[in-house]
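The structure appears right after this line, and notes come after that.
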Amino acid sequence: MSLDQKIYEQRKDKLKQIEALGQPAYPYKYDATHFIPDVLAKYSETPAEQLENPRVEMRVAGRIMAVRLMGKAGFCHLQQGGKRLQIYVKKDAVGEKGFELFRLLDIGDHIGVRGYLFRTRTNELTVHVDEITFLAKDLLPLPEKWHGLQDVELRYRQRYVDMTMNPEVREVFVKRAKIVQSIRRYFDERNFVEVETPMMQPLAGGAAARPFVTHHNTLDMDLYLRIAPELYLKRLVVGGLERVYEINRNFRNEGISTHHNPEFTMLEFYQAYADYHDLMTLSEELLKQVALDVNGTTISMFEGREIEWGKFQRLSMREAITKYWPEEAGAKPEMAEFSDRAKVEDMVRRLQNAKVSMPYDPKEPTGRAIADMFEAVAEEHLWEPTILYDFPLAISPLSKNKRDEPEEWVERFEIYVAGMEIGNAFSELNDPEEQRRRFEQQLSERARGDEEAHQMDEDYIRALSYGMPPTGGEGIGIDRVTMLLTGSPSIRDVILFPLLRPGKHEEEEEGAEEQQ
RNA sequence: GGGCGCGUAGCUCAAUUGGCAGAGCAACUGACUCUUAAUCAGUAGGUUGAAGGUUCGAUUCCUUCCGCGCUCACCA
C-alpha cells in the first residue's frame with residue numbers, strides 16, 4: 001500500500017470515530033457569523049483589553065492549516081479567503097467530547113468554531129473556542145507546510161492544492177476577476193452592449209491562425225472553434241448595435257509558450273463612427289483605468305522592471321524600425337524607402353548580414369517583410385506602453401486603407417507592453433467590394449501555402465453590402481494584461497487550468513477505455 | 001518541432017570518483033493547558049519517472065521512451 005493510501009485509510013477511520021462522537025461526517029451547512037479576512041481586517045489593531053469588554057463572540061469556518069497540540073490544549077490556524085486566523089482550543093473550554101474531536105482533526109480538515117476573540121501572550125489575535133463543529137475531512141495529505149507545493153506541473157494539474165497552499169496564486173485570480181470587472185464597467189458606462197457570438201463557426205475567420213476542428217453529428221458538419229469573434233461582432237454593428245463588446249475565449253491551434261495558451265481570453269469591442277485615432281485614446285484611458293482599479297496605482301512591476309500605464313508612447317511601425325535599427329546593419333532607413341520594394345529587400349539583406357534573425361521569402365509581399373523587420377528589430381524594445389500604428393496593407397485584410405497613403409498602408413495599430421503584444425485595433429474596412437478583393441488576395445496567399453491566410457466569407461461581405469457605418473474595432477488579450485498587472489512571468493500563471501499533456505493517471509484510464 | 005536542463009519517501013531537498021538510499025516537514029505511538037516552522041522521545045514510510053545496456057556493483061555512466069521547465073521557431 002502506498003503512503004497516500006495508508007493515510008487515506010487512517011483518515012477514513014478517524015472520520016468514523018468523529019461520527020461516533022455524534023458529528024455528521026458530511027454536514028450540510030455552517031452558520032458562520034464572520035468571514036476570516038474581515039475579522040483580521042477589523043480587529044488586527046484592537047488591543048487585548050478592548051476585546052475583553054465586551055467580548056467579541058463569533059462563529060467562523062475554515063480549513064485547518066497548522067496544528068500545535070500540547071496535551072490538553074492546542075492552537076490551530078484556520079484558513080478562509082486566503083487568510084489565516086489562529087484558534088485556541090482548551091479542554092476546559094470545549095469539554096471532554098469536544099477535545100476528543102479536536103484530537104481527531106488533521107491538517108486540511110474543514111471545521112467551524114464558536115468562541116470569542118482574545119490576544120495570546122505573544123499578542124496574536126486568536127479565537128478562544130468553546131465549541132468545534134466538524135465540517136469536512138481532508139483524506140489526502142496536504143504538501144509540506146513551509147515550502148508548500150513547488151512542482152510547477154503539479155501546481156497546474158492540481159490547482160486546488162496549489163491555491164490552498166499558495167495564497168499568492170489566489171490573489172492573481174482575484175485580480176484577474178477585477179480586471180474583467182473593470183473592463184465591463186468601462187464599456188457598460190459608455191453604452192456598449194455585451195454580447196456572445198458563436199465559438200463554433202463554419203469558417204474560422206477574423207484573424208491569422210490555424211483553427212481547431214470539431215464535428216457536429218446530427219448536421220454531419222465540420223465546425224471550427226473560433227480564432228476570433230471579429231466578423232460576427234461587425235455583423236452586429238451592421239445590424240445596429242453601434243457599440244458592442246465581447247469578452248470570451250478564442251482557440252488557436254498553435255504552439256504553447258510562456259506567452260501562448262491554445263485557448264485564451266480576448267476582449268473585442270467595436271464602436272461605430274470612431275476611427276483608429278479614437279481607439280488609441282480609448283485604449284490609453286481604458287488600460288490606465290484598469291491598472292488603477294486593480295492595483296490602486298498606474299505602476300506595475302514585471303520581470304523586475306516598472307510599467308507605467310499612465311503614459312503611452314506612440315510610434316508608427318516605420319518609426320519603430322528606424323528607431324531601433326541596429327548599427328551593424330548600416331544607415332537607418334529613410335521613411336520613403338519603405339515604399340520601394342528594392343529598398344526594403346536591401347534593408348532585409350543588411351539585417352540578415354548583421355546577424356539579425358528574421359524570416360524572408362522573396363515571393364511574399366513587401367508589407368510582410370516590413371512587419372517581419374519590425375518584429376526582428378523593434379518589438380522586444382517596446383517595454384513602456386506603446387501604440388504602434390500604421391501597418392502594411394498586405395498583412396491587414398480587414399483594415400481600412402490609410403487615408404493619406406492608401407496604396408500600401410492601413411489604419412491599424414497594436415499595443416505593446418514589456419515587449420509583448422496585448423492589443424490590435426483598426427479603422428474597420430467597410431467597403432464590401434474592397435473587402436472581396438482583400439479576401440481574394442488572401443486566397444492567393446493561401447494557395448501559396450500560407451495556412452493562416454484568411455478565407456472568403458461571403459456572408460460577411462453580404463453583411464457589409466447592407467452598409468456598415470464607419471467603425472473602429474479592437475481586441476485586447478486579457479491573459480497578457482493580467483500577466484503584466486500581476487507580475488506573472490508565464491501565461492500559465494494567469495490561467496486556472498492551462499492545457500497540459502495528459503498525466504500518467506489519465507493515460508492509464510485512456511488505455512483502459514481503449515481495451516474495452 | 002529544435003536546443004539546454006530537471007525527474008530520489010505524500011511534500012521540500014541531500015547522497016563524495018560508480019560502493020549499505022538519507023534529512024526536515026507531513027503521518028503513527030507517547031509526554032506536554034499560551035503555541036506559532038511548538039518542543040521532547042520513539043515508530044513506520046522507497047520499483048531513485050519507465051525500459052534496456054555497460055559493470056563484481058548504477059540514484060550516479062550510456063541508449064531509447066514518458067513527463068515537466070527554460071529557450072528558439074510559429075503565434076496574440
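Labels below follow one simple rule: chain letters A, B, ... track the order of the sequence lines, proteins then strands, and each chain is numbered from 1.
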Rounded to the Å, how far apart are Met165(A) CE and G10(B) P?
16 Å
Please name all residues satisfying ring pair (Phe, Tyr, Trp, His ring centres under 6.0 Å) with His147(A), sequence neighbours left out, ordered by chain then number.
none
Quick one: ring pair (Phe, Tyr, Trp, His ring centres under 6.0 Å) partners of Tyr245(A), sequence neighbours excluded?
Phe187(A)
Greater than 12 external heavy atoms within 6.0 Å of Met200(A)'s CE
no
Quick one: which of C74(B), C68(B), C28(B) gets closest to the side chain of Glu254(A)?
C74(B)
Geometric class of the Phe102(A)/Phe99(A) ring pair [parallel <30°, tilted 30-60°, perpendicular >60°]:
tilted
Indicate the ring-plane relationship of Phe413(A) and Tyr276(A), choosing parallel, tilted or perpendicular according to the 30° and 60° boundaries.
tilted
Rounded to the nearest Å, what distance is computed from the CZ atom of residue Phe374(A) to the P atom of nucleotide A76(B)?
12 Å
Shortest side-chain distance from Ile491(A), nucleotide among A76(B), C34(B), U33(B)
A76(B)
Pairs under 3.5 Å (Watson-Crick or G-U), crossing ones as [ ], inter-strand ones as |: RNA chain B comes out as (((((((..((((.....[..)))).(((((.......))))).....(((((..]....))))))))))))....
Winner on side-chain proximity to Lys6(A), out of A44(B), A26(B), U35(B), is A44(B)
Value in whole Å for how far the C1' atom of A76(B) lies from CG of Asn248(A):
16 Å
Counting any heavy atom closer than 4.0 Å, what does Tyr416(A) reach on the DNA or RNA strands: base, sugar-phosphate only, or nothing?
nothing
Set of side chain to side chain donor-acceptor pair (under 3.5 Å) partners for Arg226(A), sequence neighbours left out:
Thr197(A), Glu246(A), Asn250(A)
When the C1' atoms of A27(B) and C70(B) are considered, how many whole Å apart are they?
35 Å
Classify the nucleic acid contact of Thr258(A) as base, sugar-phosphate or nothing, counting any heavy atom under 4.0 Å across all strands shown.
sugar-phosphate
Please report, rounded to the nearest Å, how far the P atom of C28(B) is from the CD atom of Glu9(A).
14 Å
Map Leu154(A) and Arg11(A) onto RNA chain B by nearest heavy atom, then report which one ends up closer to the 5' terminus.
Leu154(A)
Looking across every strand, which nucleic acid part, if any, lies under 4.0 Å from Arg480(A) by heavy atom: base, sugar-phosphate, or nothing?
base
By side chain to side chain donor-acceptor pair (under 3.5 Å), which residues pair with Arg84(A), not counting sequence neighbours?
Gln79(A)
Out of U12(B), C68(B), U33(B), which has the shortest distance to the side chain of Leu500(A)?
C68(B)
Here the distance between atom C1' of C11(B) and atom CZ of Arg155(A), to the nearest Å, is 14 Å
The side chain of Gln10(A) lies closest to which of these nucleotides: A76(B), C68(B), C28(B)?
C28(B)
Students often get this wrong, so: under 4.0 angstrom with heavy atoms, is Glu124(A) touching a base, only sugar-phosphate, or nothing?
base
U35(B) phosphate, OP1 or OP2: any side-chain N/O from Arg68(A) under 4.0 angstrom?
no
Distances under 3.5 Å between protein N/O atoms and the N/O atoms of nucleotides 21-25 of chain B, please, pair by pair.
from: C25(B); atom 1: O3'; to: Lys145(A); atom 2: NZ; distance (Å): 3.3

Partners meeting side-chain contact (heavy atoms from CB on, under 4.5 Å) with Glu19(A) (sequence neighbours left out)
Ala25(A)
When the C1' atoms of G45(B) and U8(B) are compared, how many Å lie between them, rounded to an integer?
14 Å
If we take the P atom in both A50(B) and C11(B), what is their distance in whole Å?
14 Å
Side chain of Glu452(A): nearest nucleotide among C74(B), A76(B), G10(B)?
C74(B)
Considering every strand and a 4.0 Å limit on heavy-atom distances, what is the contact class for Asp151(A): base, sugar-phosphate, or nothing?
sugar-phosphate
Once you apply a heavy-atom cut-off of 4.0 Å, does Ala207(A) come out as touching a base, just sugar-phosphate, or nothing?
nothing
Using whole Å, what does the distance between atom P of nucleotide C34(B) and atom CG of Leu117(A) come to?
20 Å
Can you list everything that forms a side chain to side chain donor-acceptor pair (under 3.5 Å) with Thr133(A)? Sequence neighbours excluded, please.
none
How is Asn261(A) classified with respect to the nucleic acid when contacts are heavy atoms under 4.0 Å: base, sugar-phosphate, or nothing?
base
So, using salt bridge (charged side-chain N to carboxylate O under 4.0 Å, His left out) as the criterion, who are the partners of Glu45(A) when residues are at least two apart?
none
Are the aromatic ring centres of Phe497(A) and Tyr160(A) under 6.0 angstrom apart?
no
With rounding to the closest Å, how many angstrom separate the C1' atoms on A21(B) and U47(B)?
13 Å
Are Tyr88(A) and Phe75(A) an aromatic pair, judged by ring center distance below 6.0 Å?
yes
Say you pick atom C1' in A23(B) and the same atom in A15(B); how far apart are they, in whole Å?
11 Å
Please enumerate all residues that pass ring pair (Phe, Tyr, Trp, His ring centres under 6.0 Å) together with Tyr360(A), with sequence neighbours excluded.
none
Quick one: list whatever passes salt bridge (charged side-chain N to carboxylate O under 4.0 Å, His left out) with Asp361(A), sequence neighbours left out.
Arg448(A)
In whole Å, what is the span from the CD1 atom of Ile256(A) to the C1' atom of C68(B)?
12 Å
Please report the distance, rounded to the nearest Å, between OH in Tyr8(A) and P in C28(B).
16 Å
What nucleic acid atoms does Gly475(A) come within less than 4.0 Å of, heavy atoms only: base, sugar-phosphate, or nothing?
nothing
Determine whether any donor atom in the side chain of Gln86(A) lies under 3.5 Å from an acceptor atom in the base of U35(B), or the reverse, and answer yes or no.
yes
Using the P atoms only, state how far U54(B) lies from C20(B), rounded to an integer number of Å.
22 Å
Would you measure the distance from the C1' atom in C32(B) across to the matching atom in C66(B) and give it in whole Å?
49 Å
How far does the C1' atom of C4(B) sit from the matching atom of U48(B), given to the nearest Å?
23 Å
Under a 3.5 Å cutoff, is there a donor and acceptor pairing between the side chains of Asp162(A) and Gln158(A)?
no
Provide a list of protein-nucleic acid N or O atom pairs under 3.5 angstrom, restricted to nucleotides 30-32 of chain B.
from: C32(B); atom 1: N3; to: Gly71(A); atom 2: N; distance (Å): 3.1
from: C32(B); atom 1: N4; to: Gly71(A); atom 2: N; distance (Å): 3.3

